[in-house]
Participant: 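One structure, as structure tokens, below. Some questions next.
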Amino acid sequence: MQEQYSPRDIEAAAQADWNQTNAFQVSETPGQETFYCLSMFPYPSGKLHMGHVRNYTIGDVIARYQRMQGKNVLQPMGWDAFGMPAENAAMNNKVAPASWTYSNIDYMRTQLQSLGLAVDWSREFATCTPEYYRWEQWLFTRLFKRGVIYRKNGIVNWDPVDQTVLANEQVIDGKGWRSGAVIEKREIPMYYFRITDYAEELLTSLDDLPGWPEQVKTMQRNWIGKSVGMEVQFPYDVDSIGGEGRLKVFTTRPDTLMGATYVAVAAEHPLATQAGVTNPKLQAFIDECKRGGVAEADIATQEKKGLPTGLFVRHPLTDEKLPVWVANYVLMTYGEGAVMAVPAHDERDFAFALEYGLPIKPVVRTSAGNETPAPWQDAYAEKGTLINSDEFNDMDFDSALTAIGDVLEQKQLGAPRTQFRLRDWGISRQRYWGCPIPIIHCDTCGDVPVPEDQLPVVLPEDVVPDGAGSPLARMAEFYECECPTCGNKARRETDTMDTFVESSWYFARYASPHYQEGLVDPKAANHWLPVDQYIGGIEHAILHLLYARFFHKLMRDEGLLDSDEPFKNLLTQGMVIAETYYRLEENGGKTWFNPADVTVERDAKGKIIAARLTSDGQTVEIGGVEKMSKSKNNGVDPQSMIEQYGADTCRLFMMFASPPDMSLEWSDTGVEGAHRFLRRVWRLASQHAQGERPAALDAASLSDDQKAVRRAIHLAIKQASQDIGQNHKFNTAIAAVMTLMNVLEKAPQASGQDRALLQEGLETVALLLAPITPHISHGLWQALGHSDPVINAPWPKLDESALVQDTLQLVIQVNGKLRGHLEVAAHASRETVEAAARLNENVLRFTEGLSIRKVIVVPGKLVNIVAN
RNA sequence: GCCUCGAUGGCGGAAUUGGUAGACGCGGCGGAUUCAAAAUCCGUUUCUGGUGACAGAGUGGGAGUUCGAUUCUCCCUCGAGGCACCA
């Protein structure tokens, strides 16, 4: 064993051993318990960033720990390879997205492998290959035939200058990111997945996921947003509209119907369109509403504006005339695109009514009283007894609901209804670098799915997009085709699919990644699925995870696999953040400097007071800690870290700096600390390994000091087992190993028993660190005399008897304040403890002149003496 | 705007069911070793007052429950993630 810790040699040797034995390649071994450990696969953006390193290290720690529990562990890796960045890179560098993507994959694979992940690389795939997406197209055609996929119009961001559809990300302050033109909302036909058909199941089966964070389940529940209420119909006023009909609205508060003083519709609502024809001012307002992007965050933060249409509807209960307004706060995408406005009991209606002088009629007695004077109070929205509501007066919420519901149903102007906030999933993208939608448009046969024997519809790979619409739509050789049904000339669909579709089923493909006969080999799929542990960023808490759950249910209903949910346990990892530094430029802009190029200055207490650019010695502004990003130039390159310190140091630091679900702040000195620790471990082990191999430990005949060392060893095992195995708190597991190392370094090495104890201690350190820093553990394990590699060693067992102590230290409090300590026998009785506490010097001092009211004894913990 | 989460020393963070606030690491300070430096080792380090023993304060702010609150309840401030075409 080398005396110096040399990560370069140690890591190369360990990885060579694993590769030689195909250590992480797995198959469907019968009889062995499986563990499928999956990290969200990376988008091949160019090179690895720290977020990737963190994600895959967490996954690797869990995978390796489970292997040490004796399980057959599958940990695959692949590439989420379709996406917009490839098209942007193509436009900037005039390279085809395909070659850009494939070369990124090659580079990033090498980087990932240098981390020493226990990945079965034989299962690797990229979603942009026809071998993968043909099965996506195959599933699409099946679902299309079943009606799970359908076509309707949807609203998109339209750039009138570039004549192209933009992603929300490409719309900045309502303008196109390249053209700067004001974006318009435009309707185009798109394909939709009927995810709303699964809304109820997606909601209820969240209850079957105890291994998911409560936070994520709450977010998904709110996103699906089930509301039970009523559909209420407002008959049109024949005079004002010049026709008959009914305006439908959905409400969760039919009890407040008597307080409705107007109705409001979205700008895209048919009534608005109709009224706009004869009302130029209204039309101008509708056009204004159609300017700007479609992102809900932008729409919801706009100033609330509206205009009367001049149309009227009749109140379904009183027959009163109510004005119809167009309001920009009404979303066409929720419910019916129209609301009944009850300003007295709804905050947004209240603000709108105040702004435009519309009547406010209180109809519920709330804790704020019978009136609803401005400003708005949350109490106005409370449920309560009805007032000002004719025959419904004095009814409580429930009876009013029933009574009003009954009248509406009798008049056929209302019915109970359940409404979801969740919308169907539009997957058409007018972009090139994606999976082609396998549909052929025929003038006589309509939308015809591409027959199975003509799949896959292959995306041509030698295309460089130019940012002006999809290149596929200009490639006759792509879109010209024959109708599979009638044989006439037809046109192939040129839209591609949302890239979320590929990531919605990749976890299933890993079970049989090279299977040629279907999307999955059902036997393999049911062997591995569901995923036992899924790990990824919290930013995917809603969309990706909901779509993947939806797809799993679709695959189940297609008979491809048996389980109901894809991911049994979920760990959502926090972001990697770092300090930012900048200088203000004359034009008001900021130049950002990488933390690696900045030196900080500290005051006497070590607090950072200034920072200077290392190259010129001049000060830079400290910008605060933010997510690592290109724009703030605060990214730290994992590659240079690995080259400087080794993968183990990088992994150790990332796992130690914070628990996985919290954000992780990058710290160069923290990395050095992690490296220092590994050097200490290596040094102690190499000193120990130089001596003779010690004889077996005789745990029964240890001295008190030796018992204390052995206790430290088993406390570390206990702590690390709980932290890694159950709580996924790797930082405290590492802290426990560090504490153990502090003890082992000071432990005597004189006698044979001392050396046997140190052997047990060092073996424990190697095993407990094995999931986190696998390379050094590989080397340590060999040096400690084992011929079988540490990856095949079992996780250490806790010896409870090593933890037993004869005496305990208790805390003495007076009125809840710490006043002293008490050493007692481990099994001392309550009375003995209380008596000893009462005699404590400090207790006597602090209770002088007071009478003791109560003594609280918490066994093994503390005594609290209550006196006044 | 809406949904969700978070806030603890100079810094990252730790504290089974409410029971010693600050484990472990970083940084700082003092010392040893060294011709010197690097590396390493030892000590110390929440704040305020005090030479000291010790005392008081303290987990974003304000209230409440409790013998006892970082932990539970309510209100507020600030920050982060998501909002359906970034992945």
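Within every chain, numbering begins at 1; the chains are lettered A, B, ... in the order of the sequence lines, protein sequences first and strands thereafter. Computed from heavy atoms alone, side chains included, the values below leave out hydrogens, waters and symmetry copies.
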Participant: Under a 3.5 Å cut-off for both distances, is B:A7 Watson-Crick or wobble paired, and to whom?
Facilitator: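 B:U77 - that is the nucleotide pairing with B:A7, both distances being under 3.5 Å.
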Participant: P atom, B:G52 versus B:U44: distance in rounded Å?
Facilitator: 16 Å
Participant: Give a yes or no on whether A:Asp378 atom CG has more than 12 heavy-atom contacts from other residues, nucleotides or ligands under 6.0 Å away.
Facilitator: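 Open.
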Participant: Between A:Glu87 and A:Arg431, is the closest basic N to carboxylate O distance under 4.0 Å?
Facilitator: no
Participant: Please state whether the rings of A:Trp425 and A:Tyr547 are parallel, tilted or perpendicular, taking 30° and 60° as the class boundaries.
Facilitator: parallel
Participant: Please name all residues satisfying ring-ring contact (aromatic ring centres under 6.0 Å, His included) with A:Tyr329, sequence neighbours left out, ordered by chain then number.
Facilitator: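 Scan of A:Tyr329 (ring-ring contact (aromatic ring centres under 6.0 Å, His included), adjacent residues dropped) gives A:Phe352.
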Participant: Could you please name the partner base of B:A36, counting Watson-Crick and G-U wobble pairs only when both distances are under 3.5 Å?
Facilitator: none
Participant: Who is the Watson-Crick or G-U wobble partner of B:U51, with both distances under 3.5 Å?
Facilitator: none
Participant: Just name whichever nucleotide pairs with B:A69, Watson-Crick or G-U, keeping both distances under 3.5 Å, else none.
Facilitator: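 Result: none.
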Participant: Side-chain polar contacts of residues 808-816 of chain A - donor-acceptor pairs under 3.5 angstrom, sequence neighbours left out - could you list them?
Facilitator:
from     : atom 1 : to       : atom 2 : distance (Å)
A:Asn815 : OD1    : A:Ala867 : N      : 3.0
A:Asn815 : ND2    : A:Ala867 : O      : 3.0

Participant: A:Arg348 near the nucleic acid: base, sugar-phosphate alone, or nothing, with a heavy-atom cut-off under 4.0 Å?
Facilitator: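 Touches nothing.
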Participant: For B:A7 versus B:A14, give the span between their C1' atoms, rounded off to a whole number of Å.
Facilitator: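 B:A7 and B:A14 have their C1' atoms separated by 16 Å.
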Participant: Rounding to an integer number of angstrom, what distance separates B:G81 and B:U16 when you compare their P atoms?
Facilitator: 28 Å
Participant: What is the pairing partner of B:U59, taking Watson-Crick or G-U wobble pairs with both distances under 3.5 Å in any strand?
Facilitator: none
Participant: Quick check: are there more than 12 heavy atoms from other residues, nucleotides or ligands sitting under 6.0 Å from CG of A:Asn842?
Facilitator: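 Atom CG in A:Asn842 is crowded, with more than 12 foreign heavy atoms closer than 6.0 Å.
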Participant: What is the nucleic acid contact for A:Arg853, judged by heavy atoms within less than 4.0 Å: base, sugar-phosphate only, or nothing?
Facilitator: nothing
Participant: Under 3.5 Å for both donor-acceptor distances, Watson-Crick or wobble: does B:C86 have a partner, and if so which one?
Facilitator: none
Participant: Does A:Thr301 reach a base, just sugar-phosphate, or nothing at all? Heavy atoms under 4.0 Å.
Facilitator: base
Participant: What interatomic distance, in whole Å, is found between P of B:C54 and the corresponding atom of B:C78?
Facilitator: 43 Å
Participant: Are A:Arg845 and A:Glu841 ion-paired here, with the side-chain N under 4.0 Å from a carboxylate O?
Facilitator: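 The answer is no: the pair does not qualify as a salt bridge.
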Participant: List in chain and number order the residues that pass ring-ring contact (aromatic ring centres under 6.0 Å, His included) with A:Tyr581, two or more places apart in sequence or in another chain; answer none if no residue qualifies.
Facilitator: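 A:Tyr581 satisfies ring-ring contact (aromatic ring centres under 6.0 Å, His included) with no residue once adjacent residues are dropped.
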Participant: List, one per line, each side-chain donor-acceptor pair under 3.5 Å for residues 295-305 of chain A, sequence neighbours excluded.
Facilitator:
from     : atom 1 : to       : atom 2 : distance (Å)
A:Thr301 : OG1    : A:Ala297 : O      : 2.8
A:Thr301 : OG1    : A:Asp298 : O      : 3.2
A:Gln302 : OE1    : A:Asn328 : ND2    : 3.1
A:Lys305 : NZ     : A:Glu288 : OE2    : 3.0

Participant: So where does chain A start and stop touching RNA chain B, 5' to 3', when the test is distance under 4.0 Å to a non-hydrogen atom?
Facilitator: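 Contact span on the strand: B:G1 to B:A87.
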Participant: Identify, residue by residue, the members of residues 721-737 of chain A with a heavy atom below 4.0 Å from RNA chain B, and return them in order of residue number, or none.
Facilitator: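 Output list: A:Asn731, A:Thr732, A:Ala735.
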Participant: Using Watson-Crick or G-U wobble geometry with both distances below 3.5 Å, tell me the partner of B:U17, or none.
Facilitator: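 Paired with B:U17, as far as the under-3.5 Å criterion goes, is no nucleotide at all.
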Participant: In terms of base orientation, is B:G9 syn or anti, with the syn window spanning 90° either side of 0?
Facilitator: syn
Participant: Using only atom types and a distance under 3.5 Å, with no angle test, would you say the side chain of A:Gln220 pairs donor to acceptor with the backbone of A:Ala541?
Facilitator: yes
Participant: Let's test this: given Watson-Crick or G-U wobble pairing with both distances under 3.5 Å, identify the partner of B:G22.
Facilitator: none
